[in-house]
Amino acid sequence: MSTAYEPEKIEKAAQEQWTDSRCFEVSEDPDKEKFYCLTMFPYPSGKLHMGHVRVFTISDVIARYQRMQGKHVLQPMGWDAFGMPAENAAIQRGIPPARWTYDNIDDMRDQMKRLGYAYDWTREVTTCRPEYYRWEQWLFTKMFEKGLVYRKNSVVNWDPVDQTVLADEQVIDGRGWRSDALVERREIPQWFMKITAYADELLDELDRMPGWPDSVKTMQRNWIGRSEGVELSFDVAGEDEPLTVYTTRPDTLLGVTYMAVAAEHPLAKRAAAGNAEIAAFIEECKKTDAAEATLETMEKKGMPLGISAIHPLTGDEVPLWVANFVLMSYGTGAVMAVPGHDARDWEFARKHDLPIKQVIAPEDGSEIDIDEAVYVDRGVLVNSGEYDGLDYDAAFNAIADRFEETGRGRRTVNYRLRDWGVSRQRYWGAPIPIIYCDDCGAVPVPEDQLPVVLPEDVELTGVGSPLKEMPEFYETTCPICGKPARRETDTFDTFVESSWYFARYACPDSRSVMLDDRAGYWLPVDQYTGGVEHAILHLLYSRFFQRVMRDEGLSDASEPFTNLLTQGMVLKDGAKMSKAKGNTVDPQGLIDKYGADTVRLFMMATAPPEQALEWSDDGVQGAFRFLKRLWHAVDGHCEGGSVAAVDAYDDAQAGLRRKTHQTIAKVSDDIGRRYKFNTAVAATMELMNAIQRFDDRSDGGRAVVQEALEAIVKLLAPIVPHVCHELWRQLGHEDALVYARWPDVDQAALEQDTIELVVQVNGKLRGRINVAADADRSSIEALALADDNVQRFVAEQPVKKVIVVPGRLVNVVV
RNA sequence: GCCCGGGUGGCGGAACUGGUAGACGCAGCGGACUUAAAAUCCGCUGACCGCAAGGUCGUGCGAGUUCGAGUCUCGCCCCGGGCACCA
């Protein structure tokens with residue numbers, strides 16, 4: 001009597017058994033090899049979306065696979081619970097951010113449990129809880145003591161109508177998203193973390209991280225942007241202070257025909273004082289937002305300041321301009337312009353009729369016309385007086401030496417990386433633990449007064465932070481002198497919470513210290529999985545924080561994540577699935593209709609994890625159909641009763657055994673090494689097809705089918721754990737599948753007497769031959785040349801050579 | 001604009017280290033079963049030529065390297081992600 005595949009029933013039963021046996025709860029066991037498998041934790045935005053399901057399933061497959069390898073696996077889950085959407089919901093619906101967040105967490109936790117992830121729920125971490133954020137407040141005060149944090153003015157988007165600071169995302173075409181008012185750039189004092197102090201270490205270690213994708217390492221290298229250059233001083237006519245610029249191309253120094261400073265530069269401000277036109281231009285510059293993409297793509301504008309700089313080598317006067325593309329925050333806020341050999345300078349010079357001078361010529365002696373096209377490659381110096389004929393390196397050194405000798409410059413290393421501004425003028429975040437005292441200045445909150453708890457019962461209006469209206473929050477006393485003082489009302493960037501949560505999972509209940517000995521057992525994370533959109537910021541901040549924690553004596557590890565898998569986005573209609581774009585697909589409907597296993601299988605079978613996955617509703621049906629086929633195959637097989645042991649096989653039986661063990665080998669490699677779950681699924685589907693074509697009810701036949709079905713159930717256990725859990729039981733096993741080991745390949749079963757080789761003539765496929773597995777080269781060649789179709793194409797032509805690729809093909813070249 | 005990916009049948013994708021292009025699945029078409037439908041099972045399915053054997057073309061576009069290129073090199077085009085206050 002055959003039974004139906006009822007996912008809802010078997011999934012519930014499997015999950016209950018996992019929960020009751022607490023098999024995914026792990027403690028520290030030094031005798032076992034640990035494996036810490038982590039997914040980037042979600043922001044509790046409401047319901048799970050497809051991107052969540054994809055990344056959690058990928059990670060769960062790896063965790064369950066490693067468990068079957070005998071590892072002691074930790075897979076925790078938590079909530080990146082601070083953030084803007086909670087404030088938006090509060091403004092729109094009048095629900096306090098805390099309640100909205102906790103409700104969402106409850107919903108999403110239920111959905112995760114329904115999907116059967118192998119999480120140790122006893123370690124759940126929620127970043128908006130004081131017991132969590134107190135430790136980042138504490139670490140901040142330690143960083144304060146070490147000089148790793150500091151306060152400086154920095155630019156924000158100011159909405160003059162709502163009287164509030166806007167996130168870049170809230171600025172739409174230069175206007176506030178709620179008020180529609182033109183946004184202004186405004187400078188306010190903010191806290192910064194000195195990530196640049198670790199720039200060299202963060203850069204150098206990338207060379208020793210084989211477990212990270214090259215693309216991510218390259219992006220981080222470019223982001224840090226270490227460059228070796230020279231700082232040069234130009235005198236300015238009528239000014240006492242020289243103007244210092246940084247350049248990586250001192251070899252082009254004689255090609256300088258103008259210079260440019262940022263709108264915020266003191267020289268520009270002074271020039272504006274006596275010139276209304278310049279003042280207006282500087283005002284206009286402030287109206288663009290500060291995003292790099294905007295600065296780089298906007299029209300390059302500038303104005304002469306009416307001041308001249310003196311060229312340090314020739315003594316010539318070069319005009320000084322103010323330009324909208326020069327950044328005050330990068331380098332010195334001033335650049336020397338070499339239009340002949342820099343693309344942006346060239347374009348700007350053409351537009352404003354500034355002279356273009358060639359000082360570099362191609363090394364191969366070819367002629368170039370600098371008025372036609374810019375020449376940016378390194379080459380040989382020309383029109384550079386005593387430096388003519390030098391190459392890049394020689395010129396770099398000669399000019400750098402000259403400036404160092406005269407004290408007018410120095411070799412220096414520059415980074416594109418900027419310090420991390422962590423202040424946010426928002427309510428729903430961790431309070432920055434600083435007290436401002438008129439006498440003592442900015443004072444960190446002492447350890448015994450931590451945490452600084454964020455009040456949760458508030459009303460949000462959308463205008464400013466409610467903390468600024470709560471004297472019971474901000475009124476306090478100075479920890480040093482005891483006088484009345486005022487608390488910082490800014491909160492941390494939410495990236496601060498996500499920069500160390502991975503460590504806290506090791507000891508989420510630790511009350512006395514940020515991290516205890518348990519972190520020493522679990523860290524670093526062995527496998528980290530998350531969206532490629534986090535390739536730079538989140539991952540770089542986490543690498544920085546891990547080092548800060550290391551230097552605080554909290555952990556021995558320098559790198560937080562040994563292996564990184566960056567999963568591609570789930571796209572819909574060609575764009576990232578996101579709430580903001582309104583193109584999300586709710587996975588819940590599919591779970592209700594087909595069960596968790598079908599959804600898990602579909603996500604894994606459809607595309608490799610690193611690739612973007614374009615969502616389509618078709619295909620889910622196919623995953624469901626396959627699970628039904630598997631179910632009925634096991635069901636039908638088990639109806640035949642117990643299986644007798646057999647030690648000799650006929651050809652067909654040996655053939656199915658070979659397919660079984662080829663599949664074990666392929667799936668082990670696909671999941672264990674390549675992370676190609678889609679081809680792993682395809683391989684098990686092929687084995688299923690082979691089983692269904694195999695019709696042999698003899699003892700031997702039933703034995704190899706039993707072996708094949710057990711292999712499929714184990715190989716698919718990480719991907720579709722519920723149905724496999726039940727099928728394993730049906731195949732006659734008392735111990736739950738979750739305690740089973742990954743299957744081994746029987747090398748003897750793989751052996752073959754003959755193999756097929758492809759024969760090409762001049763690289764085109766012309767025939768196939770069967771040869772003995774151990775055939776030598778000359779007999780292969782002879783067999784290949786004897787093939788009728790091969791003979792047709794060789795015909796009378798002399799054979800120039802024959803290439804034999806063992807196990808693959810023969811190519812006859814005529 | 002800069003940095004990092006990607007582009008292969010009607011669709012998702014496979015081809016791992018330069019060696020049979022299109023595995024596996026979806027959709028479609030034909031058939032079996034059924035009173036019927038659903039479900040299930042079997043077969044076909046890149047384009048073109050051919051009765052067939054087989055042949056020609058074909059991996060975004062253009063060149064190149066090689067006995068052999070989806071894969072490597074150079075130059076383009078298009079799409080996605082990131083660009084520091086979305087997470």
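We name chains A, B, ... by the order of the sequence lines, and we start the count at 1 in each one.
- Put simply, A/R625 has no side-chain N or O that comes within less than 4.0 Å of OP1 or OP2 on B/rG25.
- The gap from the P atom of B/rC74 to that of B/rC26 amounts to 41 Å, rounded to the nearest Å.
- Following rounding to the nearest Å, A/L687 (CG) and B/rC24 (C1') show an atom-to-atom distance of 13 Å.
- Residue A/F495 contributes atom CZ, which lies 8 Å from atom P of B/rC86 at whole-angstrom precision.
- In this structure, the nucleotide among B/rC41, B/rA23, B/rG19 sitting nearest to the side chain of A/Q692 is B/rC41.
- Across the protein-nucleic acid pair, A/E610 atom CD and B/rG7 atom P stand 12 Å apart, rounded to whole Å.
- Taking atom NZ of residue A/K300 and atom C1' of nucleotide B/rC2, one finds them 11 Å apart after rounding to whole Å.
- A parallel orientation is assigned to the rings of A/F56 and A/H52, their planes being inclined by less than 30° (bins at 30° and 60°).
- The base of B/rC67 lies close enough to the side chain of A/N811 for a donor and an acceptor atom to sit less than 3.5 Å apart.
- For A/K351, the side-chain hydrogen bond (donor to acceptor under 3.5 Å, both in side chains) partners are A/E299, not counting sequence neighbours.
- Geometrically, A/K152 engages A/F192 in a cation-pi contact, judged by NZ or CZ lying under 6.0 Å from the ring centre and within 45° of the ring axis.
- Closest to the side chain of A/R792, from the set B/rG82, B/rU20, B/rG55, is B/rG55.
- The separation between A/Y594 atom OH and B/rC26 atom P is 12 Å, rounded to whole Å.
- A donor-acceptor contact under 3.5 Å links the side chain of A/Q425 to the base of B/rC85.
- With its glycosidic angle within 90° of 0, B/rG9 adopts the syn conformation.
- Distances shorter than 4.0 Å separate some side-chain N or O of A/K628 from OP1 or OP2 on B/rU40.
- Between A/F602 and A/Y594, the ring center distance fails the sub-6.0 Å criterion.
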Inset, instruction - Report the C-alpha distance between A/E488 and A/W191 in whole Å, list the side-chain angles of each, state the deciding distance to 0.1 Å, and finish with yes or no for side chain to side chain contact (heavy atoms under 4.5 Å, CB included). - result: CA-CA 11 Å; A/E488 172 69 85; A/W191 289 98; 3.1 Å; yes
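- Listed candidates were B/rG54, B/rC16, B/rG19. Nearest to the side chain of A/D669 is B/rC16.
- Rounded to the nearest Å, the gap between the C1' atom of B/rU20 and that of B/rA69 is 14 Å.
- Rounded to a whole angstrom, the distance from the C1' atom of B/rA21 to that of B/rG58 is 9 Å.
- Ranked by how close their nearest RNA chain B nucleotide is to the 5' end, A/K764 and A/Y43 are led by A/K764.
- A salt bridge does not link A/D670 to A/K676: none of the charged nitrogens lies less than 4.0 Å from a carboxylate oxygen.
- Each of A/K801 and A/S215 lies near RNA chain B, and the nucleotide nearest A/S215 is the one positioned closer to the 5' end.
- Exactly one of A/W223, A/F495, A/F492, A/Y501 qualifies for a ring-ring contact (aromatic ring centres under 6.0 Å, His included) with A/Y541. That residue is A/F495.
- Heavy atoms of A/F793 sit under 4.0 angstrom from primed sugar atoms or phosphate atoms, though from no base atom.
- The residues A/D162 and A/R178 are annotated as salt-bridged, a charged nitrogen and a carboxylate oxygen being separated by less than 4.0 angstrom.
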Inset, instruction - Let me have a per-nucleotide readout for nucleotides 10-15 of chain B, 5' to 3', with B, S or -, counting only protein heavy atoms under 4.0 Å. - result: --SSSS
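- Here A/E292 pairs with A/R416 in a salt bridge; the nearest charged N to carboxylate O distance falls below 4.0 Å.
- A salt bridge is absent between A/D669 and A/K666; no separation between the charged side-chain nitrogens and carboxylate oxygens falls under 4.0 Å.
- B/rU66 and B/rG30 have their C1' atoms separated by 45 Å, given to the nearest Å.
- Rounded to whole angstrom, the span from the CG atom of A/L809 across to the C1' atom of B/rC67 amounts to 11 Å.
- B/rU17 and B/rG68 have their C1' atoms separated by 15 Å, with the value rounded to a whole Å.
- You'll find that the side chain of A/E292 is closest to B/rG1, out of B/rG1, B/rG25, B/rC67.
- The side chain of A/D80 lies closest to B/rA87, out of B/rG19, B/rA87, B/rG1.
- To the nearest angstrom, C1' of B/rC4 lies 12 Å from CZ of A/R416.
- The base of B/rC3 does not come close enough to the side chain of A/E296 for any donor and acceptor atom to sit less than 3.5 Å apart.
- Residue A/R673 places its side chain closer to B/rC16 than to any other of B/rG55, B/rC16, B/rC85.
- Between A/R766 and B/rU20 there is no side-chain polar atom (N or O) within less than 4.0 angstrom of OP1 or OP2.
- Side-chain nitrogen and oxygen atoms of A/N689 include at least one within less than 4.0 Å of the OP1 or OP2 phosphate oxygen of B/rG25.
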Legend entry - Bracket string, RNA chain B, 5' to 3' - pairs by Watson-Crick or G-U geometry under 3.5 Å, | interstrand: (((((((..(((......[....))).(((((.......))))).((((....))))..(((((..]....))))))))))))....
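- Interface remark: the A/R768 side chain does form a donor-acceptor pair with the B/rU20 base, using a distance-only criterion of under 3.5 Å.
- Look at the C1' atom in both B/rU8 and B/rG22: the space between them is 8 Å, to the nearest Å.
- Each of B/rG1, B/rU20, B/rC85 was ranked by its minimum atom distance to the side chain of A/L765; first place goes to B/rU20.
- Across the C1' atoms, B/rG13 and B/rG46 are found 15 Å apart, a figure rounded to whole Å.
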Inset, instruction - Mind running side chain to side chain contact (heavy atoms under 4.5 Å, CB included) on A/Q220 and A/L206 for me, showing each step along the way? - result: CA-CA 8 Å; A/Q220 293 217 347; A/L206 289 170; 3.9 Å; yes
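- The distance from atom CG of A/L537 to atom P of B/rC86 is 9 Å, rounded to the nearest whole Å.
- Going from the C1' atom of B/rG80 to that of B/rC85 covers 23 Å, rounded to whole Å.
- The number of heavy-atom neighbours closer than 6.0 Å to CG of A/D788, taken from other residues, nucleotides and ligands shown, is 12 or below.
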